[in-house]
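Encoded as C-alpha cells, the structure appears first; notes follow it.
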Amino acid sequence: VSASDRPLGELEQLVLLAVLRAGDDAYGVPIQAQLQLHAGREVGRGALYTVLDRLEQKRLVTSRLGEPLAERGGRPRRYFEVTALGLERLQSSRRALLALWNGLDARLGAS
Amino acid sequence: VTAPPPAPPRALERGLERALAGERWRDAIVGDLAEEYSRRRGGGARFAGLWYAGEALRLALRFAPRHLEDRLWRRLTRRRPDSRKEPAMSQWKFDLRLSLRALAKRPAPTLLVVATLAIGLGANAAVYGLFDAMVLHPFSFFQSDRLIRLSETTPNGEFDRSNLSPANFLDYRAASEGVVEALVGFDWWDANLRRSEAPEKLQGFRVSTEHFDALRVRPAIGRFFLPTDGLPGAAPVVVLAHQVWQRQFGGDPAVVGRTLDIDGEAYTVVGVAPEKFAFPTGSEVWSPLVLADEVAARRDLHYLGAFGRLVDGVDLDAAAARYALVAERIAAGEPETMEDRGTATRSLAAGFRDVGVTPIFSLFQASALFVLMIGWINVANLVLARGQERQRELALLDALGAGRRRIVRLLLCESGILAAAAAVAALPIAALGQKLVRDMLPPSLIKFVVGWDAIGLDLRTLAVTFALAAVSLVAVAAWPALRASRPGTAMLLREGGRSGSAGVRRQRGRSSLVVAEIAAALALVVAATLAVRAAQRLGAGPQGYEPDRLVSFKLVLPEGRYAAAEARSAFAALALERLATLPGIESVAAANVLPATGENYGRVVAVEGEAEPNPAVAPHADLRTVSPGYFETLRLPIVAGRGLRPGDDAGATPVAVVSRSMAERYWPGREAVGQRFRAGDATEPWRTVVGVAGDHLHHWFSRRDAPTYFVPFAQQPRFGLTFAVRMRADRPLPAREVQAAMAEIDPAQPIFDLQTQRQRISDNTVGLRLVSGVMTVFAALALMLAVTGVYGVMAYRVSLRRQEFGVRMALGASAADVLRMTLGQSMRLAAIGLGIGLVASLAVARVVGSALRGASELDAGLVLGAALALAAATFVAAVLPARRALALDPADVLRAE
C-alpha cells in the first residue's frame, strides 16, 4: 500500500477543501482564513504547512512560487492548486462519507 | 508611492529564519507571517509584536528539532538524512513517551543512574556556586566588570598586590583622567565608637569622597561625601553601614545630623549606606580620606588601597598602561622608593581575591569533576550491560523497519530524560553541600570573605549544571547509541541466546573503565588523606605553647589620644595590673600579635658584624612586641638565656628574645645570646639577644619554624594590643568584666574579639578543615562509586560466564579453579588501576600541596595504606559475585540451556 493510496485524514480533507475555496488566491494566509471561517477551526500554522507538505508529497496538491512582494519583506507567496488526483481522492472520501451518512438523518436529528 | 509596510521585529524574524533553516518552504512560511503581521499592525504595534513572537515560537518549536537532529545526524555519521521522510515533532513526542515507558519498566537501574549522575552533578554545582561567588563574580555592583583595582608589585615579584604610598596614589589619581573616572583610595580604620553604654570597635575605612559614586550606590538615607569633605581641615563626617544603623540606632532616621564620639573626636553622621553594602569587605563605617600635606608627600609608607571605575569605552589594558607609565615617571624621579616596583591593574574581583582561594577551589572543582567522571564510568557500564540485554529488543525494532536513526533517537531520548532528571535532583544536593560549607565557617571570618553573600544557586550555576548534564548525556549515551547504530545489529536476532563469547572486545572496554575508576579513586583518597592529616597536625597537634585555658582579646588605641609612646606603655601596664586582679586568672600578658590571630608583622634583620641585607630581597623575621610575662603566660619555653624583665624598659638597653629558628638562621653554629642585630631600617637601635625561646606555630601556612624575635613592649609600644590571659581553671572570661576593667583606665576604649586560644586556632585552620572535609566527602563518593562499579562489572562477568563455569565444573574443575578465574581477573584489574593511581596520586599530592601552601606532606606509607585499603575494597567487591559462581549447580546451568 503506497502512501498516496491511504484514505485521507480529516485534516487533509479540510485543507484540500480550503485550498479549493481559496481559488486563485490559495496561499498560506487565505487557506488558514478559509479553515477558520468555514470549519470553525483554529489550525496551527505549523500543522497547516506540515499537512500541505504531506499533500504535495502525495501529489494531491501542487505548488508554485509567486512574485517577491514588499509587504512580505521581499519573499514570494507559495500558491497551491489541487491536482486531478486530489480531486479524485476528495470525491471518493465524499462518496464514502455520504454513503455512511445515508439514512441516519433521523437518528442523528440533523436539520 | 506609499510608505513601505511595517516589517515584523528584525530579531524575531531572523531567529525564525534560523529555526526554519533547511525547511523547504521557509520563505513562504516567514512571508505569510510577515504579511499577517503587517495586517495586524493596525491593532497596535505592541499587540502585533506579541502575536508575532507567539507564532514564531510555535513554528520554531515545531520545526527546529528536526533540523537540529538532521544536522547532528549528518555530523555524527557523515551520512545524508534518511530518504524516508518522517513527520517532525509528533515523532519526538512519541519517542519521548516510549522512552519514559521503557525507563519506568526498569525502576532500579533507572534510579541508580539518576542517583549516580545527580551526586556527581550536585557536587559540581555546589563547588561551582562557591567558586563563582568567591572567585569569579564576588561583587554585585552596577557593571562590576568595569571596576578595577590598582596595586604595586614589590621587587622580585615577591608580592604583587602591595598597597600604595600617599604620594604615589596622588600621582596615579592625577593621571587617571580619560581612563578611570576617579581613582578612589581607601585605608583601614579601627574606629572606636563611644556611646553612653559600652564603647564598640567598628570596622572603618577612610575612603576618597568619590567612593560611593564609583560603585554607583545611593544612600539609604542622608547623603554620601561631598568633595569638600575630603579637604584638610574639613569637619569630620561619617557614613554608617546599614546594619550599624539598625544595631546601634534602631534604624532611627534622625541619626543623620547627629554627632558621634569616635576615637575621641566628634564626627557628624551625614548618611547611611544601603542594606548589605559593605565595601571594602567588612566595612561598618566610612569617613573621608584626608591626606594632609606632610603625609601626602610620603612615598615610603605603603598603606593605601586603590580602585576605580573605567571610563566608558576604555578597557583595563589602557588603564594598566597609563599607570605603568606613571610608575616609570615616579621611578625616574624618586629611584630609591620606587626601585624595582611596578604596577598591577586588575579587575576588582581579581584584585580583592584572596590568593589562597583560587587553588583551593580549583582543587575542589577538579575533585568534583573526578567524582562525576567516575559516575559516568559506572553509568556507562550499566548502559553497556543493559545495552546488551536490550540489543535484541532494538534488533527487533530494526527488523520491523524502525531504522537505525530511529533507534539512536530512542536511546538519546532515554539518556536525555535520565540526564535531565539527574540535573534536577542535583540541585537540592548542591544546596545541601553549600549549606554545610556555610555552616562550617565562623561568622567572624565570613565578614571578611569576599563574595560570601553571593553564594547560592544562581542562574550561572544552574546553567553550568545543565551544561554538565548535557555533557554527561553525551558521555554516557553516545557510545552505546552509536554502537547500536552500527550495521549488523540484526545479526543478534539470528544468533540466539549465546552471547558469552561474542563480547571479548566489549569486555576489554569495560575492564579499562574499572581500571580508570580505581586509579581515580586512589588519587582522591590520597588527596583527602593528605588534607586530613595536615588539618589534624596543624589544628590539634602541638603548637609550641600551651593553648588550653588561654583567653585573649584585642583593642586598638586611637592615634589621636595615644600619640605619645609613653601613653601607650602606661595604658598597657595599667591594663595588665588591673586584669591580674580579676578572679580566676593565673597570669596576664600583652603583645602586638598573638599566635593564630591571622595578623603578622615582619622586619628585615641585619646582624652586627655582617653585610647589610638588601631590604628588597632579604627574608623577613616576625616581630612581636610583648610584655615581660608573655613567655610564662603562653608557656612558651625559654631554651637559652633569659626571658624579658620589667626592667627592660624604654630607658634600658634595647634587648630581644629570639626564637630557636631565628638563632639558627642568623647565628648558625654560634651562641645567639649576647649577639646584636637590628630589625627594620637604619633608624632602629641595635638590640642585644638576651634569650632564645622555643619555636611555635603562628599561622598554619607560615611553617612552625618561622624566625621570630620578641621585643619588650615598653621599648616599642604599639597601638594595636592583644591581651593574653591564662585562666586558673577551664572557665570563660566574661567580656563584660573585662570591658568594665578597661573602662576604669579609659572609658572610651572598646575591646573586641574576645576568644579562647583553642577557638582562634580552630578559626585559623578552618581553611584546612574545609579542604579536608570537602576532600573527604569527594574521596568517600569516589570510593563508593568505584567499589560499586567493580562489583557491577564482576557480577556481570560472572553472569555471562555461567554456562562456561557450569561446563567446567561438570568436567571436574574445582571451586578453587573457578575462584581463581574470577578473582584473579579482578585483582589483575585492580593492580593495574592502583599502579596508574599511584602515578596520579603523586600529581594530585602536588596540587594539594600548593592549595595548602605546602602544609601537606606526602609519604610512602600514606600512599601504600590508601592503595591497600582500596585493594581490600576491590577484593570484597569481587569476592561477592565470585561466591555466587561457586554456588552454581552445574546440572542447573546446563539444564537451563
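Numbered from 1 within each chain, the chains take letters A, B, ... in sequence-line order.
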Under-4.0 Å salt bridge between A:Arg72 and A:Glu67: no
Any residue of residues 25-35 of chain A which, by heavy atoms, sits under 4.5 Å from chain B: A:Tyr27, A:Gly28, A:Val29, A:Gln32
Close approach to chain A in residues 9-19 of chain B, criterion heavy atom under 4.5 Å: B:Glu13, B:Glu17
Salt bridge B:Glu35-A:Arg77, side-chain N to carboxylate O under 4.0 Å: yes
Side chain / backbone / both / neither for A:Leu69 at chain B, heavy atoms under 4.5 Å: neither
Interchain contact, B:Ile29 with chain A, by part (heavy-atom threshold 4.5 Å): both
Heavy-atom pair with the smallest gap, counting every atom of B:Ala426 and B:Leu121: CB-CB, 3.6 Å
Donor + acceptor pair across side chains of A:Asp53, A:Thr50 (<3.5 Å): no
A:Glu12 with A:Lys58: basic N within carboxylate O range, under 4.0 Å: yes
Sidechain N-carboxylate O distance under 4.0 Å for B:Arg39, B:Glu36: no
B:Asp32 and A:Tyr49: side chain donor to acceptor below 3.5 Å: yes
More than 12 heavy atoms from other groups under 6.0 Å of CZ on A:Arg64: yes
Under 3.5 Å side-chain donor-acceptor pair for A:Ser63 and A:Glu56: yes
Flag if over 12 foreign heavy atoms under 6.0 Å of CZ, A:Arg21: no
